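Below you'll find the structure, written out as structure tokens, and then a few comments.
Atoms considered below: every heavy atom in the structure, side chains included; atoms not considered: hydrogens, waters and symmetry mates. Here the structure is a predicted model, which means the values were calculated and not measured.
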Amino acid sequence: MPAEFVLGRGGHPSLPELVAAMPFTHSLISAGKGLGYHAKAAPPTVTMPRLKAMTSGAIAGFLDVAFNFNTQALLDDNLVDQLARAGWKMVMLGDDTWLKLFPDKFMRYDGVNSFFVKDTVVVDHNVTRHLNVELAATDWDLLVLHYLGLDHVGHLGGRSSSLVAPKLKEMDDVIRRIYDKLIKTSGDRRTLLLVASDHGMTEGGNHGGASYQEADALALFISESDSINMFMDKRQHESTLKQNKGVATSSAWPSFQVDVVPTLALQLGVPIPKNSVGALLPQHFSSLTSKEQLRALELNAWQLFNLVHVRSPRSQCVNDLCSNTSGNVDGGSNSDFSMSWRTEKDKEVEVFCKLFMQAIQLHSSWRHMDNDSVISEAKGFSEFEAARDAYLKMLKSTSEWLAKGTTEKNILLLLCGGILMLLSPVILFSTLLSICEAKSERNQLKINSPNVDASGDFLFEKLIVIGGVCIHAGSLASSSFVEEEQYTYHFLVSTLCIALFRHVLQQPFQLLPGSSQRRAQANDYGKFSDSIQRATFTKVSSGDGDNAARFLAVSVILLSGRIIRAWHRSGVNWAHLPDIAKWLDANDVQISTALRYTALLFTTTSSCLFILKSSRRHLLRKLIACCLCLSATLIFVYVDSESHQVPTLFGTTSYPEQVPTLLARSVFLILGVTAALAVTLMPWIEPLQFDEDTKTASYPSQEIKRMWVDFPLETGITSALQSTGQVLISCWCLLQLLLQQTVNAGPVALLLIQLLATVTFFRRRSNRYELWFQVLALQWMGGSGHFGLGNSNTLATVDVAGAYIGLSSHSTILSGLLAFIITYASPFLFLLGMMLLQSPVPKSIEAHTFQGLGPSSWLLEILAVPCIVPVALNGIIMVAFTAILTVMQDHLFVWSVFSPKYLYVCAATVCTAIGAFVYASTSIYYNFIISRRSHHLELKKTKFQSSKKTL
């Protein structure tokens with residue numbers, strides 16, 4: 001729950017509807033019975049790392065995001081273990097993450113799973129149903145109630161959800177019941193009620209990043225004693241209430257979530273956990289004597305300074321201070337410390353030493369005055385305030401430094417790991433260069449005349465590629481460029497389109513000048529490849545018509561990319577600006593639903609047309625088209641069943657609760673079976689011969705026959721891959737239209753349009769771009785589309801609600817898989833698009849086998865390049881960012897910017913590896929099947945010819 005729901009923001013009270021939802025809680029704050037804080041949470045702002053921070057005081061690492069779904073027992077020193085060793089009896093009700101972190105620590109418990117975000121009622125009812133019994137019980141010392149409903153409400157509908165106010169009212173009633181039963185009537189027994197949240201939420205209801213909304217956690221201390229103290233006297237408190245019309249706001253004292261740990265530890269009488277980086281909240285100790293207050297601050301100061309000693313073990317001033325455990329320091333030793341400070345390289349540690357030294361001296365001075373009865377009370381209090389302020393200053397600066405810092409790393413291990421990571425892209429690029437060199441030698445045979453500029457050097461495009469890769473990798477060294485990485489991808493795609501435009505505009509002028517012999521040579525070069533593309537995919541016109549089609553394709557790429565870019569304002573700095581998605585959310589939901597239906601209809605229609613357009617309309621193709629139509633129909637019904645706020649497509653009858661889950665599972669099954677059928681059976685239906693006797697049109701045209709005769713294996717594999725790619729892309733887009741948020745249906749359709757336009761451009765007859773360039777173009781477009789779907793480099797944009805579509809209960813593996821599918825929808829779509837690409841075909845079989853290149857040179861290019869290029873590009877980013885993160889480990893934004901980005905880089909590596917594996921395994925399987933079929937047909941042909949000669 002965001003703290004501003006209760007305490008407001010920037011000195012201003014909460015929204016009236018939120019105040020009205022929690023009247024009792026606000027009355028406690030107004031009466032001085034509660035003291036609230038905006039307890040800033042450190043990233044990652046997800047449950048398990050935040051619970052670790054709230055109990056141990058240590059800063060969690062971003063690797064805990066992965067462990068959040070498979071929580072292990074907390075081994076670090078923490079409050080729960082301290083209380084258990086002190087003999088406290090504890091009870092836990094709610095999120096079962098507590099039971100996983102602290103096994104066998106609670107004498108009674110009832111845990112509920114925290115990840116099934118569709119449930120906003122039962123998860124809280126399971127806690128509240130035990131409340132009366134536990135409030136009446138007297139055998140426990142600590143009662144933990146962890147409610148999940150408000151978090152789930154946020155994931156489903158965001159901050160503006162209509163369910164937020166009722167859920168806040170429910171929580172207000174729980175607070176009232178606890179206060180009336182345990183605090184108001186507690187008598188001599190002192191009871192403390194801590195109302196805390198582990199994190200906040202964005203406007204969309206997600207969390208995980210470091211924005212103010214996500215890090216704005218609540219810490220509200222409630223007790224029967226007056227919480228207003230010397231830091232905010234009653235007169236100031238009443239003035240604040242009057243200014244805010246009776247609605248109290250938060251304490252002005254800056255606080256962090258980890259500050260709760262030392263505060264609670266000393267209030268409950270247990271040691272501060274040794275790894276805690278929190279600083280005491282001094283307001284809670286104002287009722288103690290001066291001696292007790294300074295002793296509490298001293299304990300916290302020594303505990304933090306021991307962590308400084310661990311962080312900087314070679315610091316002389318730290319070693320000297322830590323060895324002086326008595327705390328009594330005279331002037332001589334002070335001068336010695338000053339000498340060591342002047343030679344200390346770490347200036348920050350030197351400052352901490354000075355601050356700690358000053359606090360110890362002031363504390364010692366106050367002790368002497370307190371023991372001297374002659375000293376006036378006013379002077380003694382002045383010395384007390386000086387010592388207290390010195391401790392607080394030291395605690396604040398040291399705590400913040402420890403929270404953002406890192407420990408020393410093993411440089412040798414880091415270096416070895418970096419070298420191993422570097423080997424991967426180096427080996428891949430070496431292999432790619434070898435293939436390109438073989439292709440270059442083959443091209444030299446195809447064009448004997450220097451006047452024929454069929455392919456060209458493409459120097460401009462190569463410079464764009466090299467520069468783009470270097471710019472992208474180098475930009476990751478800037479935190480601002482990491483936060484706004486979408487602009488880097490948009491720039492790369494726009495620059496790429498300019499290069500394509502340039503090539504299109506120059507193409508006619510390269511062929512018109514010169515002799516008729518030059519034009520004949522160029523036409524002769526393109527004739528064979530043109531016939532393949534024309535017969536296999538589409539009928540194209542010649543001359544200027546083909547060039548106009550390529551110009552139109554680039555225009556579609558640019559236009560669709562521009563709309564996708566305007567759909568979501570991704571990133572951090574400008575995410576609040578208007579965009580299409582915000583406009584759709586602000587308007588009638590019928591517009592978004594109608595857009596989703598339109599995208600679904602377009603995707604299904606275009607997919608069926610592409611699959612059935614071939615003259616080889618095999619029964620398998622018809623079956624696949626029927627499966628896609630059935631899946632689309634079920635998605636229509638699913639969207640209809642989820643549209644509770646609008647009139648439904650098929651009437652106004654409400655659906656049973658389990659219907660959406662069953663529909664989603666049916667779609668998963670049908671699309672999975674469809675994809676499996678396409679991958680398994682497509683190479684068996686591709687034609688491999690031309691029947692000379694019956695003149696049967698086994699080939700789409702007479703021209704394609706020549707290509708099959710010279711290159712039967714390569715052409716068969718390419719044709720089968722393209723047919724399979726069409727099916728897989730259709731299945732993937734339909735799956736995304738089911739899983740993505742309704743507002744993202746438009747970008748999914750636009751990404752499909754952009755992919756088809758790109759493939760159309762590269763498959764036209766005048767295309768001379770090599771396969772590696774085509775694959776790289778798809779990679780950049782996939783990255784641009786990733787941000788166009790609303791993703792960013794913060795964890796807050798991960799769609800948790802969509803990860804439970806089709807699930808009736810939580811499953812770590814299935815929900816994690818669905819979240820991964822939703823997040824990397826665009827990159828994987830363009831990885832599948834590699835199957836639709838076409839490598840320029842060799843001119844003849846003689847060129848194909850030149851100088852021992854072997855009959856598999858073109859086949860090697862088809863099989864290897866689409867696998868090598870994406871993995872190599874991702875390897876460059878992985879190596880570069882690993883090096884950057886190592887250098888930036890002490891950077892101010894290492895936890896909020898660089899660490900979450902590294903998680904995305906690792907996840908993108910997995911996505912790229914899966915895409916490359918799908919392409920490689922499919923092409924190898926097709927190579928095996930088509931080779932066997934070709935060999936079998938050759939044997940039959942030889943046997944048939946032998947029988948004819950015999951006759």
Side-chain angles (χ1 to χ4, degrees), residues 453-456 458 460-462 464-465 468 489-490 492-511 525-526 529-565 606 609-610 613 718-719 721-722 725-726 729 749-785 788 826 829-841 862 865-866 869-870:
D453 189 17
S455 62
F458 293 106
F460 182 64
E461 286 78 359
K462 292 178 181 178
I464 288 178
V465 169
Y489 272 111
H490 297 330
L492 294 176
V493 173
S494 300
T495 307
L496 182 67
C497 290
I498 292 175
L500 300 182
F501 264 129
R502 173 182 175 272
H503 181 68
V504 170
L505 295 176
Q506 287 182 339
Q507 193 72 14
F509 303 101
Q510 291 178 350
L511 297 178
Y525 163 77
S529 176
D530 296 343
S531 65
I532 297 171
Q533 298 176 21
R534 184 166 60 250
T536 306
F537 312 114
T538 183
K539 294 183 179 297
V540 299
S541 58
S542 60
D544 295 337
D546 182 73
N547 216 41
R550 300 180 75 208
F551 185 88
L552 179 62
V554 181
S555 301
V556 171
I557 295 172
L558 271 176
L559 179 61
S560 58
R562 184 63 188 89
I563 299 175
I564 292 172
R565 176 180 175 180
S606 59
L609 288 177
F610 275 108
K613 75 172 184 176
T718 301
S719 179
L721 282 174
Q722 290 163 350
Q726 294 169 354
I729 289 172
L750 289 171
L751 287 173
L752 178 59
I753 293 173
Q754 192 176 50
L755 174 61
L756 296 177
T758 305
V759 172
T760 300
F761 177 89
F762 287 127
R763 290 200 332 212
R764 304 303 292 185
R765 59 176 295 181
S766 56
N767 174 58
R768 297 296 178 264
Y769 285 107
E770 294 293 343
L771 187 57
W772 66 266
F773 185 85
Q774 301 177 33
V775 173
L776 181 137
L778 292 186
Q779 286 292 107
W780 284 356
M781 292 180 186
S784 178
S826 176
L829 172 65
F830 283 86
L831 285 170
L832 293 176
M834 296 188 304
M835 292 184 175
L836 303 182
L837 298 177
Q838 169 75 32
S839 175
V841 187
I862 295 173
V865 170
V869 173

Point to revise | Minimum-distance pair of heavy atoms, taken over all atoms of V493 and W780 | key: CG2-O, 3.6 Å
Exercise for review: Name the orientation class of the two ring planes belonging to F762 and Y769 (parallel below 30°, tilted from 30 to 60°, perpendicular beyond 60°).
Suggested key: perpendicular
Check your understanding: Which heavy atom in S784 sits nearest to a heavy atom in H490, and how many Å separate them?
Key -> OG-ND1, 2.9 Å
Revision key, fill the gap. When rounded to the nearest 0.5 Å, the distance separating CZ of R565 from OG of S494 is 6.5 Å
**Study point:** Smallest separation among heavy atoms of I557 and A757, with atom names
**Key:** CG1-CB, 3.8 Å
Exercise for review: Look up atom CG in L836 and atom CD in Q774, then write down how far apart they are to the nearest 0.5 Å.
Suggested key: 11.0 Å
Review point. Considering only heavy atoms from C-beta outward, does the side chain of L778 approach that of M834 to under 4.5 Å?
Key: yes
Exercise for review: Can you see which heavy atom on L496 is nearest to which on A777, and at what distance?
Suggested key: CD2-CB, 3.4 Å
**Study point:** Check against side chain to side chain contact (heavy atoms under 4.5 Å, CB included), F761 and V556
**Key:** CA-CA 10 Å; F761 177 89; V556 171; over 6 Å; no
**Study point:** 4.5 Å side-chain heavy-atom contact, Q726 and I729
**Key:** no
Exercise for review: Look up atom CG in L505 and atom CG in L500, then write down how far apart they are to the nearest 0.5 Å.
Suggested key: 11.0 Å
Point to revise | V775 to P866 - nearest heavy-atom pair and separation | key: CG2-CA, 4.0 Å
Point to revise | Spacing of L832 atom CG and L755 atom CG [to the nearest 0.5 Å] | key: 9.0 Å
Check your understanding: Can you name the one residue among V865, V869, I464, V465 that meets side-chain contact (heavy atoms from CB on, under 4.5 Å) with F773?
Key -> V465
Exercise for review: Identify, with sequence neighbours excluded, every residue that meets side chain to side chain contact (heavy atoms under 4.5 Å, CB included) alongside L751.
Suggested key: I564, Q754, L789, S826, L829, F830
**Study point:** Point-to-point distance, once rounded to the nearest 0.5 Å, from SG of C497 to CG of L558
**Key:** 4.0 Å
Check your understanding: Is a donor on one side and an acceptor on the other found under 3.5 Å between the side chain of R550 and the backbone of H503?
Key -> no
Check your understanding: What pair of heavy atoms forms the shortest contact from L837 to Q722, and how long is it?
Key -> O-NE2, 3.4 Å
